[in-house]
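Read the structure below first, then the notes.
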Number of protein chains: 2
Amino acid sequence: MTTATSSRELAHPERDEIRLEAVLHALSDPMRLQVVRELAEAQGELSCSYFDLPVTKSTTTHHFRVLRESGVIRQVYRGTAKMNGLRREDLAALFPGLLDSVLDAAARQERRLTGS
Amino acid sequence: MTTATSSRELAHPERDEIRLEAVLHALSDPMRLQVVRELAEAQGELSCSYFDLPVTKSTTTHHFRVLRESGVIRQVYRGTAKMNGLRREDLAALFPGLLDSVLDAAARQERRLTGS
DNA sequence: CTCGTAGTACGGTGAGTATCGTACGAAGCA
DNA sequence: TGCTTCGTACGATACTCACCGTACTACGAG
C-alpha cells in the first residue's frame, strides 16, 4: 500500500491533529529551530546526517522526532538515510504566515546578534 | 527616577535582550497563550486577578513571570494590583508579524477545534 | 491600626525533556 | 557473507517546569 519507499513507516500527525502549542514548543528549542531554518533554505529534503549538530546521534534522533510528532517536518526513509522535509503546506493551511514569520524572526535575530 | 507608579520594580528584559526562543517557549503553554490572547483583545492593561485561570495564585504568578521574563508582557504595580500589557511595539520591532500570526493561528485553531 | 485583597516567596512533587552511552537493526557495498 | 554507514532503542541522569500549599509582604480602606 501507499508509496513504499521502504518498509519502515513513521507515525506523523494528520494535518488536523497538529496543535499550535506543540509547534511553538518544537520551534522553541535552538537546535530544532536551526534545523527548521536549514530545511527552509534547502527548499527540499535533507537527511538527518546532513546536519552537524553538536550532540550525539541519539540526541539528534530525539530532536527530529519532536519535530515530526509536532507536525513541523515529514520524515521518510530512503535507503539507509532518513529524509526530512518541512510540512509547509499543512502549516500554511492551519496557521497562515506563522512559519514564515518565525523564520524571518530567526533570521533577524541572527543578524542582530552575530552579523552587523 | 522614571515614572514611579509604585516602589516595587519588576525586572524586564530590554528590547534587545528579548530572544525568539524564549518568546516561543512562553507562548507554547496553553494557559499563557490564552492570557496573551486576552491581553491582545483587551487592547490595554489587565490585572492578574482579571484572569480566572484554573490554577492557584502561585501558579498564576509563575506564568505571568515567564511571560514577563521572556519579554512578551510588561508588568507594573498599580496599588495592590499588578497590571499586565503586551509589549506589542518591542515584539513588532524585533519580530515583525510574529505576534499577529501567532494570535491568528490561535484563533483559527480554536475555531477549528471548538467552534464550527 | 486593623483588616481584606492582590500578589510573592519558598519548598516540594511529579512529569517531561535534553542529554549521554551502549547495544542493536536496516540498507547498501565489496 | 561480512563490513560500513545511518539511524533506533533502551536505560540512566540531570535539569526544567507546571503545579500545589503555606507563610508572607504590600497596599488601600475603614
Check: What distance do Ile73(A) atom CD1 and Arg32(A) atom CZ have between them, rounded to the nearest 0.5 Å?
Finding: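 Going from the CD1 atom of Ile73(A) to the CZ atom of Arg32(A) covers 10.5 Å.
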Note to self: Working to the nearest 0.5 angstrom, can you tell me the gap between Phe95(B) CZ and Asp90(B) CG?
What the structure shows: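 Between atom CZ of Phe95(B) and atom CG of Asp90(B) there are 10.0 Å.
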How many Å lie between [atom1] on [X] and [atom2] on [N], as a whole number?
X: Leu46(B); N: dG7(C); atom1: CG; atom2: P; answer: 11 Å
X: Arg78(B); N: dA26(D); atom1: CZ; atom2: C1'; answer: 16 Å
X: Arg65(B); N: dT16(D); atom1: CZ; atom2: P; answer: 15 Å
X: Arg68(B); N: dG7(C); atom1: CZ; atom2: C1'; answer: 12 Å
X: Leu10(B); N: dA6(C); atom1: CG; atom2: P; answer: 18 Å
X: Glu21(B); N: dC17(D); atom1: CD; atom2: C1'; answer: 18 Å

Minimal non-hydrogen separation, [X] against [Y], with atom names:
X: Gly71(A); Y: Arg87(A); answer: O-CD, 3.2 Å
X: Pro96(B); Y: Asp104(A); answer: CD-OD2, 4.1 Å
X: Leu10(B); Y: Gln75(B); answer: CD1-O, 3.5 Å

Checklist line | Results of salt bridge (Lys or Arg N to Asp or Glu O under 4.0 Å) for Arg65(B) - residues two or more places apart only | finding: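 Partners of Arg65(B) by the salt bridge (Lys or Arg N to Asp or Glu O under 4.0 Å) criterion come out as none, since no residue qualifies.
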Checklist line | Per-nucleotide protein contact string for nucleotides 11-19 of chain C, where B marks a base within reach and S marks sugar-phosphate only (heavy atoms under 4.0 Å, - for neither) | finding: ------SSB
Check: Looking only at atom types and distance, does a side-chain atom of Ser101(A) sit under 3.5 Å from a main-chain N or O of Leu98(A), one as donor and one as acceptor?
Finding: yes
Shorter than 3.5 Å, N or O on both sides, protein versus nucleotides 5-7 of chain D: list them out with atom names.
residue: dG7(D); atom: OP1; partner: Cys48(A); partner atom: N; Å: 3.3
residue: dG7(D); atom: OP1; partner: Lys82(A); partner atom: N; Å: 3.1
residue: dG7(D); atom: OP2; partner: Ser49(A); partner atom: N; Å: 2.8
residue: dG7(D); atom: OP2; partner: Ser49(A); partner atom: OG; Å: 3.3
residue: dG7(D); atom: N7; partner: Lys57(A); partner atom: NZ; Å: 2.7
residue: dG7(D); atom: O6; partner: Lys57(A); partner atom: NZ; Å: 3.1

Checklist line | Pair Thr59(B)-Thr56(B), side-chain donor/acceptor within less than 3.5 Å | finding: yes
